[in-house]
Amino acid sequence: MNNNSGAILVLSGPSGAGKSTLLNEIIQDIGKCYFSISTTTRPIREGETNGIHYHFVSEEEFKKDIEDDMFLEYAHVHGNYYGTSIKPVKDALKAGKLVIFDIDVQGNSVVTNRLGDITTSVFISPPTLSELKHRLETRKTDSQKVIDRRIEMAKKEIQRICEYDYLIVNDNLEVAADTLRYIAKAARLKISGNEINEFVYKWEDID
Ligand code: ADP
Ligand code: 5GP
């Protein structure tokens with residue numbers, strides 16, 4: 001990729017794996033980027049702000065956006081809808097930014113199918129299931145029922161690591177952040193089919 005065109009970095013992993021924490025650690029160091037703010041029907045958590053963490057909407061509003069073809073991808077996760085709006089992603093890519101998605105395994109599959117040649121995907125996992133449970137309980141943002149559902153979901157998500165370019169085991173935060181920093185920088189350099197064609201065309205400058 002050259003510096004004028006955008007690229008996509010997908011982050012997936014069980015809720016509580018540390019995706020937001022890791023992203024906060026590296027966001028200042030990886031150049032021009034845009035974190036895609038998803039739309040969701042999940043209830044807002046304490047400490048979250050509408051329009052910053054998510055666009056929080058009703059199920060009716062979400063279904064209207066599906067009908068209007070507003071989403072690059074959307075999925076039903078943990079009993080709620082989550083979706084990525086196309087427009088801001090297109091604008092950010094045009095501006096040459098690294099677009100970062102925090103989306104689930106279903107979302108990654110759609111994005112990779114649609115935009116695979118500019119996408120790098122990373123699965124972030126806690127070291128063990130018991131550590132995941134501990135982190136979700138310590139975070140204190142979800143009820144025990146919601147935590148139990150997320151744990152069950154995590155067991156399924158982990159089976160799909162092979163669909164990703166990279167796996168980061170988030171045990172030591174500093175080590176995991178370093179790894180993600182390298183990957184994010186490399187994601188910017190991924191070259192798309194169009195760019196290769198353009199390069200070869202310009203490179204053949206002798207008749
Ligand atoms: P996610 O965005 O994947 O749902 P969070 O970033 O909210 O996960 O992290 C879940 C919890 O785990 C938070 O309380 C966070 O402080 C903690 N956490 C994140 N990374 C680590 C780590 N490497 N070691 C210990 N705790 C961590
Ligand atoms: P949480 O409710 O913990 O914020 O997120 C729950 C799950 O939904 C996480 O696995 C997160 O990656 C996923 N998610 C968040 N936004 C989107 C989205 O726009 N699309 C998809 N497919 N998944 C999302």
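In listed order, ligands and their atoms are each counted from 1. Just so you know, residue 1 is the first one in the sequence shown, and it goes up from there.
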Please check whether [X] reaches ligand 2 - meaning an N/O of the residue sits under 3.5 Å from an N/O of the ligand, judged on distance alone.
X      : result
Thr39  : no
Arg45  : yes
Ala75  : no
His78  : no
Tyr54  : yes
Tyr74  : no
Gln106 : no

Out of curiosity, is [X] lining ligand 2, as in a heavy atom under 4.0 Å away?
X      : result
Gly83  : yes
Phe101 : no
His53  : no
Arg42  : yes

Regarding [X] and [Y], does a basic nitrogen lie under 4.0 Å from an acidic carboxylate oxygen?
X      : Y      : value
Glu163 : Arg160 : yes
Asp29  : Lys185 : no
Arg149 : Glu152 : no

_Inter-residue atom distance Glu157.CD - Asp104.CG, 0.5 Å rounding_ =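 Rounded to the nearest 0.5 Å, the CD-CG separation comes to 6.5 Å.
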
*Approximate separation, where rounding is to 0.5 Å, of Phe123 CZ and Ile158 CD1*: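 So the CZ of Phe123 and the CD1 of Ile158 are separated by 4.5 Å.
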
*Check: Thr119 and Val10 side chains under 4.5 Å, non-hydrogen atoms*: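 Of all side-chain heavy-atom pairs linking Thr119 with Val10, at least one is under 4.5 Å.
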
*So do the side chains of Thr39 and Phe71 get within less than 4.5 Å of each other, counting heavy atoms only?*
yes

_Residues in contact with ligand 1, criterion: heavy atom under 4.0 Å_ = Pro14, Ser15, Gly16, Ala17, Gly18, Lys19, Ser20, Thr21, Arg135, Arg139, Asn170, Asp171, Leu173

*asked:* Would you say that more than 12 heavy atoms from the other residues, nucleotides or ligands in this model lie under 6.0 Å from the CD of Gln144, or not?
replied: yes

*For atom CE of Met70, is the number of surrounding heavy atoms from other residues, nucleotides or ligands below 6.0 Å larger than 12?*
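No, the 6.0 Å shell around CE holds no more than 12 heavy atoms from other groups.
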
*asked:* Which heavy atom of Tyr166 sits nearest to which heavy atom of Thr120, and what is that distance?
replied: CE1-CG2, 3.7 Å

*Counting each atom of ligand 2 from 1 as listed, which ones have a heavy atom of Arg150 under 4.0 Å away?*
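Counting from 1, the qualifying ligand atoms are 1 (P), 2 (O), 3 (O).
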
_So if I apply the side chain to side chain donor-acceptor pair (under 3.5 Å) rule between Glu137 and each of Arg135, Arg139, Lys133, which one comes out positive?_
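Looking at Arg135, Arg139, Lys133, the match for Glu137 under the side chain to side chain donor-acceptor pair (under 3.5 Å) is Lys133.
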
*Closest non-hydrogen protein atom to atom 16 (N) of ligand 2, residue and atom name please, with distance?*
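The protein heavy atom lying closest is Ser38 OG, 3.1 Å.
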
Side chains of residues 73-85: which donor-acceptor pairs under 3.5 Å do they make with residues two or more places apart or in other chains?
from	atom 1	to	atom 2	distance (Å)
Glu73	OE2	Thr84	OG1	2.5
Asn80	ND2	His78	O	3.4
Tyr82	OH	Arg42	NE	3.4

